[in-house]
Amino acid sequence: MQNKYQFSLFIQAMIRIQAADYKPVPASWQEMGGIHGVPYTRWSGDPKGPSKPDDEPNQWQGYCYHASALFPPWHRVLMLLVEQSVANEASAVVAGYDKDQTISMAEKALWHQAARELRFPYWDWSSVQVETDGLPKIFSEAQVTVTVPKNATSTLKNPLMSYTLHPIPVGAPDYSDGQLSVYFAEWVRTYRWASGERNPRENYTELNSALTKGITVQGQPFSQISVLRGKLARVFSAPPQATEELQSAYWDYFSNTDPKAPPPPDAASLTSLEEPHNQIHLDIGGGGDMAYNEMAAFDPMFFFHHCNVDRLYALWEYVYPDYWIGNGYYDANGGLTPFQDPSGTYQEDPNTSISETSGLPPFRKDSNNYWVTKDVRGLQPSQGLTKYYTYDPLTLPVSDGTSNVVKQVTIDVTKPSTLEERTEYIAALHQYYGGNTVQLRDTTNLVAKPALFNHPVTDVPDTHQVVDGYRDFVIVVLLSQYAFRGSHRLELFLDGVLVGNVSVFSRINPANCEACVARIASGDAKTRGIITIPHALVVQVLEKYGLNKETTTDEEIVALLKKHIVAKIVNPIGSALAHASHGHVTASPGSHLPELKEEHRPKLRFHSTRVLVSAPGGTAPPQSVGWIDHGEVLGGEWRHATVQPVSE
C-alpha cells in the first residue's frame, strides 16, 4: 500500500475493529473471524438467521465452504464484509480529523480521498519476490509507524502481526500428534509457527523457510514458490472455450479440491485454485492458527491471503466467462446433475444441492435476502451486484512457441473483452506463472532422446507447433481430507529431489460433524491436486541410470520413474505422519509400523502428454495432446511414521 494516507487509515481502522469493546459488534474482528470456524454460533450480523444448525450435530457447524463448488463465491462475500468494516472505520477516523480546526482544508481533502478509495489490500504470495524475501516484514513487526495529520508520525502496535482474542472462542481446540502441539483453547492471541508450548514463541525463520526453501535441478533453483506458481500455471491451462456440457466441469475443477463432475479430457493438466490456497495456509500457519480451519480467520494474515485468492479468482472468471457453476454438471449419461455440498454448513444440511441461485449465509444483501452465488459473479459493472472494488490492470508479455515476445497485453477485469483477447490473456497468465514449455525444456543442457518425448502428433492446428523433445509428466493426487486430525500435506520426491506437494487444509475435530464422520468412513472426502515432475529432472534421472537413449521404451521410462518416486505425508511443520512402503525418505519404514486404513491411503496416478505451443509470431495458449495414463504410483502399503498412529 504505497499511499501513506491510506496506509495510516488502514492501520488505524484495523486497530479499532480489533478492540475488545468495538461497536457495532458484527463488524468487530472477533465476530467476523468467527464466521469461518469456531465458535460455531450464529453471526450477530444475521439476527434473523437460525439460532443453531437445524441438523445439529450432523453438519459442519461453521459457515464456510471448502472442497465445494461454492468455495470462491462464498469467500468473496466474506472479503466484502471485512473490507466494508475497515472502510467504515477509516471514514470514522477522518471524521475525527474534520473536527480538528488546526488541520488545513487541503490536508483534510487528502485524508477524505484516501478514505473514499481505501480497499482491503492483498498479499501476492505468488510473486517471484517471495522466493527471496519471504513474508513481508510488516506482518511480523510488533510496531508500525504511520503518518498522522500535520506531517507528523505515530508509532502504534501492529494489528497485522497478530490478533488478541476477546475472548478465546468456545470450541477452540487443543491437540498434539506427538510432534506438533497446539493450544488454541489456551492461547489468548493468534500465532504463526508457534513453538508448541502453552506460552509459545513464533518462528518466522521457519515460516520463511516454508515459503522460500529451494531445491536444485540441473543447477536451476526450484523453490516452493516456483512450485506454487507452477500450480497457478495449471489453474490457467483450461481451453478458452468448451462445449456447454463441459463448462460447469471446468468450473468444478477450478473452484475446489473435491470435484464431482466427470473429468474433462485435459483434467490431468488442471488444478484448482483451492489447493495452492491450502498450501499457503499451511506455510503461513505452521503450528499456528492459519493452518487450521477452525482458527484461521482470526489471524489478520487470513484476509490478506484471501484477498489474493479473490484476485486470482477475478482473473480466472474474466478469461473464462462461460465456465460457471450454473445449475449443475452433466454426468456420464448426459444428464444434468446438481452439485452438492456433502458436509453441509452451519445453515445448510449435508448433501444439499447447490447452484448459482444458492444463498451464501450469513451475508445479507438486504434485511430479507442473502447474497446468492450469481450475485458474486464478475467485477464488470454489468455483472451481478455492484461490489465497489476491483484490482489494478495486469500488463504481461505474451510469447510465441520460440519464446519470442510477440506483444504486451493488459488484463483489466472491469472491461469487456473478446474471445480473441481472452485467448491471449490465458497464454500470458500461463506463461507468467511459469508455464513456458520451451523454457522448461531448455532448463537442462541434456536432450531427451527416447521416443516417448517425440511421439508423433497429427492434426496440429495452424496456430500451434509441437515442442520437440519434451513431455509433460504429472502425478494426479487424491488425499483423504480426514486421514489425520488437522491439516497435512503429501510431499513427493523423484530420486531424492522434492518436486511438489498437495496440501489438505482441514479441521482438528472433524468428529464434531457426523456427516464428516460418514465421509471419513466411506473414503469419499478427497483433496485433489496435481504435482508436476520437472522435465529437466526426468531427463537427468534417465541420464543417471543409463536410459537416456533412443532405444529406451516407454515402459522402461515409466518403470524407472516409478521406482524412484517416493512420498510422505507430513503435518504443517513438516514432521512425518505416514509414508509409502518404499517411499520413506529418511529411513527404512519397517514392517512393524501400522498400516493406514484403506480409505485413508493416498491415490496417485502417473500421466504424461505431448504439448503444443503457439506457432512463431502467434499468441495461442499451449495445448496438451495425446495424454497417456501410466497407472498407479506407490499403490502398495502406506504406513504410519510412528508405532503409535497419530490419528485415523
Side-chain angles (χ1 to χ4, degrees), residues 65 68-84 87 116-122 232 235-236 238-244 246-256 272-274 277 303 306-329 338-339 354-366 368-396 409-426 428-429:
Y65 286 92
S68 165
L70 293 182
F71 167 74
W74 186 89
H75 283 82
R76 172 168 285 178
V77 193
L78 176 62
M79 282 303 313
L80 285 169
L81 170 67
V82 175
E83 183 168 87
Q84 183 179 36
R116 284 195 306 272
E117 297 175 354
L118 179 64
R119 299 296 184 271
F120 203 95
Y122 62 87
L232 293 179
V235 168
F236 291 101
Q241 56 183 338
T243 63
E244 180 182 351
L246 288 174
Q247 289 172 0
S248 56
Y250 279 117
W251 169 264
D252 198 18
Y253 278 75
F254 157 75
S255 64
N256 76 101
S272 67
L273 178 58
E274 187 178 15
H277 145 275
F303 292 98
H306 267 276
C307 195
N308 194 50
V309 171
D310 185 73
R311 182 181 69 93
L312 293 165
Y313 168 32
L315 288 168
W316 192 92
E317 67 178 348
Y318 181 69
V319 298
Y320 296 114
D322 296 330
Y323 302 165
W324 179 235
I325 186 174
N327 293 311
Y329 61 88
F339 289 106
I354 55 177
S355 70
E356 67 176 2
T357 59
S358 293
L360 300 174
F363 311 114
R364 292 188 183 268
K365 55 188 175 183
D366 56 50
N368 295 315
N369 298 289
Y370 290 113
W371 282 73
V372 298
T373 306
K374 64 182 179 181
D375 293 335
V376 177
R377 189 179 185 185
L379 297 184
Q380 296 179 50
S382 62
Q383 294 178 303
L385 294 183
T386 304
K387 301 165 195 71
Y388 300 103
Y389 78 96
T390 187
Y391 296 101
D392 290 337
L394 183 61
T395 299
L396 300 173
V409 296
T410 298
I411 307 171
D412 185 342
V413 299
T414 67
K415 301 292 179 61
S417 60
T418 65
L419 174 61
E420 181 180 0
E421 290 170 332
R422 293 193 297 272
T423 301
E424 292 182 339
Y425 299 159
I426 293 167
L429 288 163

Salt bridge (Lys or Arg N to Asp or Glu O under 4.0 Å) partners of Arg422, counting only residues at least two apart: none
Gln84: side chain to side chain donor-acceptor pair (under 3.5 Å) partners, not counting sequence neighbours: none
With Thr410 via side chain to side chain donor-acceptor pair (under 3.5 Å) - residues at least two apart: Thr395
Pairwise distance CG(Leu232) to CH2(Trp316) - rounded to 0.5 angstrom: 13.5 Å
Side chain Tyr318, main chain Asp412, donor-acceptor under 3.5 Å: yes
Sidechain-backbone polar pair: His277 side chain, Glu274 backbone, donor-acceptor under 3.5 Å: yes
Residues in side chain to side chain contact (heavy atoms under 4.5 Å, CB included) contact with Ser355, at least two apart in sequence or another chain: Asn327, Thr357, Ser358
Electrostatic pair Arg76-Glu317, nearest N-O below 4.0 angstrom: yes
Short side-chain donor-acceptor distance under 3.5 Å, Tyr65 and Asn256: no
Inter- and intrachain pairs under side chain to side chain donor-acceptor pair (under 3.5 Å), touching residues 372-385, at least two apart: Lys365-Asp375
Distance flag, aromatic centroids of Trp74 and Phe363, threshold under 6.0 Å: yes
Check: His75 ring centroid to Tyr313 ring centroid under 6.0 Å: no
ring-ring contact (aromatic ring centres under 6.0 Å, His included) against Tyr323, all qualifying residues, sequence neighbours excluded: Tyr250, Tyr320
Face-on cation placement of Arg119 at Tyr389 ring, 6.0 Å and 45° thresholds: no
Minimal non-hydrogen separation, Phe120 against Glu83, with atom names: N-OE2, 2.9 Å
